[in-house]
Each structure stands twice: as C-alpha cells, then as structure tokens.
Amino acid sequence: MQTTKIPATIVTGFLGSGKTTLMRHILEKAQGLRVAVIVNEFGELGIDGEILRTCAIGCKDEGGADAPEGQIYELANGCMCCTVQEEFFPVMKALAERRADIDVLLIETSGLALPKPLVQAFQWPEIASVFTVDSVVTVVDAPATAAGQFAHDPHAVDAQRLADPNLDHEASLHELFEDQLSAADLVVLSKADLVSPEELAQVRALVAEEVPPEVKMVEAVQGSVPLSVLLGQQRAAEAHIDARHSNHDHDEEHDHDDFDSLFIDLGAVDRERLMQALQDIVQQHAVLRVKGFAALPGKKMRLLVQGVGRRFDAYFDRAWRDGEAQATRLVFIGKGLDAAPLRTALAAAEV
C-alpha cells in the first residue's frame, strides 16, 4: 500500500507567459516518471504520442504502445479556481483511485486563475489524504513585465476573460500578477533571452517586491529549467497558503459554497430528446452549467455534452473503451438544485 502522498506541482502564469512550454519541458525530461496531468486546454500542450507514452500513468513499460488513455485530464473552462468543486474535485477523486500508478501530478492553470483557492482545495480531507502541493511555480513573462504590461498580449487575456462563462472574479492584470506571485514557491522568469541584462534586473526587482525572500527566482529560455529545481521541493504549500495575502481574500463572489453540484446517471438516451430535456431544465431551474457524456443506442462513441446557460454543445469525443459501461452521466451546477425533478425531466430521454 502506498503511504506517501503524491506530490503535485501547480504551474500558473498569464496567457502566453510560457507555462505550456515549461509543461512540455517537464514531460520531455520526465525520464520514466509516471506523470498525471491536468490542463485547461489539452490541445495547447502539443505533446506527441511518444512523449505521452513514456510518461503516461499506468504504462506497462516505458514507451509501450498500449499505454491507456486518461493520463491527461482536461478542464477546458478557463478559470480553474472557479470550477474547483464541480470539475477539479471529481478529477482528483478519480486520480486518488489510481494513486499506485502515479509518481507526480502536474497541473497547469489558465492565465486567469487565482492560485490560492486551488491550493486551498488540497486541504479538503479527500484530497489531503492522497496529495500534497509540492510547489506552486509561477511563470513570469520577462519581456512583458519589463514593458509594464505583465502579459505578452493583454488584449488576448481580456478576450479570454470575456469568453469564460465560469469566471467569477474580476481584477486588473496587475492584481492578478500580484496574486499569482503571492502563492509562488518558485518563480520562473521566462523568455530571459529576449530582454537585456538591465531589463532582467528590473523584472527581478519587481518580482522580489511581491514574494517572500525565501522564494527562489530562476531564468528560463524555451522553458528549460532543471527538473531537480522544478520538482521535489516538498513545500506542502497547502499547509501555509492561508497565510499568503491575496487581493481576493475577502471576495465574497468567489465563494463556491453558494452553488450546488449534482450528478445524474442514466442509461442510453435519445439525442434529440436529451437535448430538449436539457433545454427545458435550464428554463425551469437555476442551472448555470451542465457537463457530461451520453450513451446513444447503436453508437460506438460517447457523446460529450456541455452547456452554459441555454447554450448547449454536443459532439462525439471518443470511442467507448473495452469493458467500459456505456451509460450517461451528467453533472448540473447551479443554485438550489433538487435532483428529483431533474431526474424526472431526463427520464423522457431514456430509451
């Protein structure tokens, strides 16, 4: 039985800061470590199948072609700190069930995420018994920071903010910059080759004003930082994160306890009747978000269903795996939700 906790490294920073490049570097240099990965946008990682196979959790042998799917979990909702209860927690429970297969957990947040609520989630008993936050790594875009705009493309960050229906906090880039640094155990100054020595010194001085003196800063070009620096810091960040100041410490709008999260399991369903039932539900109940998958009769692929407000998307995302129960599971997030009427409405879609 595995008794030591699985170390989790959280990588945070603005859109375009170099987080994904750093993530790729870690995976490329993993050297047989069984790495579980949680990202906001899987496609952005750009990791080829061979790299995934050599670091996949559950591999029978290094580089084995039969490595199972599921080593990367995608939370494609932008602000991970704002979807901790309804999305992050279920994934962590699933990973906890596979703890014997995992050496390291790697988490990349979106550019708008507040690290503190995410780290605090590791205090929850179900997570704390299995995982610990080895460190929070904040990636700082050196050229952008030297220019005083913090993000490489502030307009892209604003577009990301507007496109995220789950975002429940608003802050200036400077405030987000401060919050990302306030939780840092290590700061990576990315794109260090694109600034002059004088500019790099200015960035170091600016960052030093926002972090405790014990927080180390390292420079990086193309995400190249030794794994001995990035992993194995043993900070147990969840134990001291409450003492770290954040601009959103008293932000009542960031309280997830105001929302309910309900799972409803069904058998095979008719696609048109399911989508109509979901439309009826969101019109009659205070449902903010729906996400899950459905089994359709005679279809070898599962249907992924996502809804925000009254806008729904549904598409086939992958084939059902051998031995996998072909069933429907939907999660509803909202206020004052009651499972009984939702289940009754969905019953009409079953076949």
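On a predicted model such as this, the values are computed, not experimentally measured, just so you know. Values reported hereafter were calculated over all heavy atoms of this structure, with side chains retained and with hydrogens, waters and symmetry mates removed.
- With hydrogens and angles ignored, the 3.5 Å screen pairs no side-chain donor or acceptor of K116 with any backbone N or O of A183.
- When side chains are defined from C-beta on, V203 does not count as touching M217, because their heavy atoms never get closer than 4.5 Å.
- Other residues, nucleotides and ligands contribute only 12 or fewer heavy atoms inside 6.0 Å of the CD atom of E272.
- Counting heavy atoms from C-beta outward, P212 and V215 have side chains that approach closer than 4.5 Å.
- The nearest pair of heavy atoms linking V188 to V225 is CG1-CG2, 4.2 Å.
- The structure places CG of D270 at 8.0 Å from CG of L296, a figure rounded to the nearest 0.5 Å.
- Once rounded to the nearest 0.5 Å, the distance linking CD of E324 with CZ of R318 reads 4.5 Å.
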**From CA spacing to verdict: side chain to side chain contact (heavy atoms under 4.5 Å, CB included), Q233, T9** = CA-CA 9 Å; Q233 294 192 54; T9 297; over 6 Å; no
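- Between I241 and V136, the closest side-chain pair of non-hydrogen atoms is not below 4.5 Å.
- The side-chain heavy atoms of L346 and E350, taken from C-beta on, include no pair separated by under 4.5 Å.
- Residues forming a salt bridge (charged side-chain N to carboxylate O under 4.0 Å, His left out) with E209 (at least two apart in sequence, or on another chain): none.
- Taking every heavy atom of both residues into account, P143 and L194 meet most closely at CG-CB, 3.7 Å.
- The heavy-atom pair separating E126 from S129 by the smallest distance is O-OG, 3.4 Å.
- For the pair L274 and L330, the minimum side-chain heavy-atom distance is below 4.5 Å.
- Between A121 and I127, the shortest heavy-atom distance links the atoms O-CD1, 3.5 Å.
- Nearest heavy atoms, A286 versus L337: O-CD2, 3.7 Å.
- Side-chain N or O atoms of K19 include none that pairs as donor or acceptor with a backbone N or O of V139 at under 3.5 Å.
- For the pairing with I264, the side-chain contact (heavy atoms from CB on, under 4.5 Å) check across L342, T328, V290 returns one residue only, L342.
- Side-chain contact between L230 and L22 is present, with at least one heavy-atom pair separated by less than 4.5 Å.
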**Request:** Begin from the C-alpha positions of V133 and R235 and carry the test side chain to side chain contact (heavy atoms under 4.5 Å, CB included) through to its verdict.
**Result:** CA-CA 7 Å; V133 180; R235 298 290 185 177; over 6 Å; no
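- Every side-chain contact (heavy atoms from CB on, under 4.5 Å) that D338 has, sequence neighbours left out, goes to A340, P341.
- With sequence neighbours excluded, the residues satisfying side-chain contact (heavy atoms from CB on, under 4.5 Å) with Q283 are Q279, R310.
- Between the side chain of R271 and the backbone N or O of A314 there is at least one donor-acceptor pair closer than 3.5 Å.
- Listed by chain and number, the residues in a side-chain contact (heavy atoms from CB on, under 4.5 Å) with E210 are H174, E178, L181 (sequence neighbours excluded).
- I281 is connected to L262 through a chain of hydrophobic side-chain contacts under 4.5 Å among Ile, Leu, Val, Met, Phe, Trp and Tyr, so both are in one cluster.
- Under a cut-off of 6.0 angstrom, the local environment of CD in Q234 is sparse, with at most 12 non-hydrogen atoms contributed by other residues, nucleotides or ligands.
- Looking only at distances, a side-chain donor or acceptor of S190 sits under 3.5 Å from a matching main-chain atom of S17.
- With V35 as reference, L27 is the one residue of I26, D103, L27 to meet the side-chain contact (heavy atoms from CB on, under 4.5 Å) rule.
- Under a hydrophobic clustering in which Ile, Leu, Val, Met, Phe, Trp and Tyr are joined whenever their side-chain heavy atoms come within less than 4.5 Å, directly or via other members, L278 and F316 fall into the same cluster.
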**Prompt:** Does the side chain to side chain contact (heavy atoms under 4.5 Å, CB included) test come out yes or no for M23 and V37, once each step is laid out?
**Reply:** CA-CA 9 Å; M23 295 275 288; V37 182; 3.8 Å; yes
**Request:** I would like to know whether D185 and H240 meet side chain to side chain contact (heavy atoms under 4.5 Å, CB included); could you show each step before the answer?
**Result:** CA-CA 11 Å; D185 299 298; H240 56 73; 3.7 Å; yes
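- Listed for the Q326 side chain is no donor-acceptor partner under 3.5 Å among the backbone atoms of A295.
- Every pair passing side-chain hydrogen bond (donor to acceptor under 3.5 Å, both in side chains) that includes a residue from residues 219-228 is listed here, sequence neighbours excluded: R204-E219.
- Linking Ile, Leu, Val, Met, Phe, Trp and Tyr residues whenever their side-chain heavy atoms come within less than 4.5 Å leaves V140 and V221 in two separate clusters.
- Using a 30° and 60° split on the angle between ring planes, F131 and F122 fall in the perpendicular class, above 60°.
- With sequence neighbours left out, the salt bridge (charged side-chain N to carboxylate O under 4.0 Å, His left out) criterion links R302 to D317.
- With values rounded to the nearest 0.5 angstrom, R99 atom CZ is found 9.5 Å from I102 atom CD1.
- Of the N and O atoms on the side chains of T12 and T109, at least one donor lies less than 3.5 Å from an acceptor on the other residue.
- Here the straight-line distance linking atom CG of D280 with atom NE2 of H285 works out to 9.0 Å at 0.5 Å rounding.
- Clustering ILVMFWY residues whenever any of their side-chain heavy atoms sit less than 4.5 angstrom apart, transitively, puts L304 in a cluster other than the one holding L266.
- L303 and V269 fall within a single hydrophobic cluster, where Ile, Leu, Val, Met, Phe, Trp and Tyr side chains are chained together by heavy-atom contacts under 4.5 Å.
- Side chain of T138 to backbone of Q180: a donor-acceptor contact under 3.5 angstrom is found.
- Looking at Q202 and V195, their side chains never come closer than 4.5 Å, going by heavy atoms from C-beta outward.
- From R343, atom CZ reaches atom CZ of F332 across 9.5 Å, with rounding to the nearest 0.5 Å.
- Atom NZ of K29 is separated from atom CG of L227 by 9.0 Å, given to the nearest 0.5 angstrom.
- Looking at R244 and V119, their side chains never come closer than 4.5 Å, going by heavy atoms from C-beta outward.
- Considering all non-hydrogen atoms of both residues, V130 and A96 come closest at CG2-CB, 4.0 Å.
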